[in-house]
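Below you'll find the structure, written out as structure tokens, and then a few comments.
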Amino acid sequence: MAKGYVVARAKVSNATQWAAYAAKASEAIRKYGGTPLVRGGMMTVAEGEGRARNVVIEFESFEAAKAYAMSQDYSEARKLREGAGEIDIVVVEGV
């Protein structure tokens, strides 16, 4: 079975508020069996539009990744992030 991934690109405008979101989201990631592979760090835009903060979280399957992203647990974390920046999040199936 192919793994699933949650991929996010973010622009943070309120670091304190974002940290509260990240802590709560981390609880949900653990609960749903996710493993963060990329969380911030150095980046270079090679092509197109980039954002300073990038996140990749691996799950055992696409279904598990989707369950995390659509969960009530993550929804509670998302509420803490409101007004603290911009984010794009996709759930993708691995190969």
Side-chain angles (χ1 to χ4, degrees):
M1 177 184 311
K3 295 195 182 249
Y5 298 87
V6 171
V7 180
R9 302 173 335 115
K11 178 178 161 185
V12 178
S13 57
N14 182 325
T16 303
Q17 189 176 346
W18 198 277
Y21 152 72
K24 186 76 168 170
S26 292
E27 293 173 17
I29 290 167
R30 284 189 294 278
K31 181 176 180 179
Y32 286 84
T35 302
L37 301 178
V38 175
R39 237 187 200 169
M42 287 194 310
M43 62 80 77
T44 298
V45 177
E47 192 171 327
E49 180 186 340
R51 291 205 178 158
R53 184 153 178 82
N54 299 280
V55 177
V56 178
I57 307 165
E58 182 180 70
F59 292 84
E60 285 302 310
S61 66
F62 176 80
E63 291 75 18
K66 188 175 169 184
Y68 156 76
M70 304 301 177
S71 72
Q72 181 63 36
D73 296 297
Y74 181 70
S75 178
E76 291 172 12
R78 189 173 52 236
K79 290 175 189 171
L80 297 174
R81 187 191 71 224
E82 290 178 9
E86 301 172 20
I87 193 166
D88 295 317
I89 299 174
V90 296
V91 178
V92 296
E93 184 179 40
V95 292

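Residues take their numbers from the sequence shown, with the count starting at 1.
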> About how many Å separate NZ of Lys66 and CD of Glu93, when rounded to the nearest 0.5 Å?
Replying inline: 11.5 Å
>> If you apply the rule side chain to side chain contact (heavy atoms under 4.5 Å, CB included), what do you find for Met70 with Val91, and how did you get there?
In response: CA-CA 10 Å; Met70 304 301 177; Val91 178; 5.5 Å; no
>> Does the plane of the ring in Tyr21 sit parallel, tilted or perpendicular to the ring in Tyr74? Use 30° and 60° as the thresholds.
In response: perpendicular
> Where is the tightest heavy-atom contact between Ala20 and Leu80, given as atom of each residue plus distance?
Replying inline: O-CD1, 3.7 Å
> So, Arg9 side chain and Glu49 main chain: donor-acceptor pair closer than 3.5 Å or not?
Replying inline: yes
>> Please give me the minimum heavy-atom distance between Ala65 and Val6, naming the atom from each residue.
In response: O-CG2, 3.9 Å
> Heavy-atom count around Glu60 CD within 6.0 Å, excluding the residue itself: above 12?
Replying inline: no
>> Are Tyr68 and Phe62 linked, directly or through intermediate hydrophobic residues, by side-chain heavy-atom contacts shorter than 4.5 Å (ILVMFWY only)?
In response: yes
> How many angstroms lie between OG in Ser71 and CD in Glu76, if you round to the nearest 0.5 Å?
Replying inline: 8.5 Å
> Looking only at heavy atoms, what is the nearest atom pair of Ala8 and Ile87, with distance?
Replying inline: CB-CD1, 4.0 Å
> How many angstroms lie between CD in Glu86 and NZ in Lys11, if you round to the nearest 0.5 Å?
Replying inline: 5.0 Å
>> In this structure, would Trp18 and Ile89 fall into the same cluster of hydrophobic residues linked by side-chain contacts under 4.5 Å?
In response: yes
>> Would Asn54 and Val56 count as a side chain to side chain contact (heavy atoms under 4.5 Å, CB included) here? Give the steps.
In response: CA-CA 7 Å; Asn54 299 280; Val56 178; over 6 Å; no
>> What's the separation between atom CZ in Arg39 and atom CD1 in Ile57, rounded to the nearest 0.5 Å?
In response: 6.0 Å
>> Nearest 0.5 Å, please: how far is CG in Asp73 from CZ in Arg30?
In response: 11.5 Å
> Is it true that a side-chain atom of Ser13 and a backbone atom of Ala84 form a donor plus acceptor pair closer than 3.5 Å?
Replying inline: yes
>> Testing the basics here: between Ala10 and Arg51, what is the closest heavy-atom pair and its distance to 0.1 Å?
In response: O-CB, 3.3 Å
> When rounded to the nearest 0.5 angstrom, what distance separates CE in Met1 from NZ in Lys3?
Replying inline: 10.5 Å
>> In this structure, would Val90 and Tyr5 fall into the same cluster of hydrophobic residues linked by side-chain contacts under 4.5 Å?
In response: yes
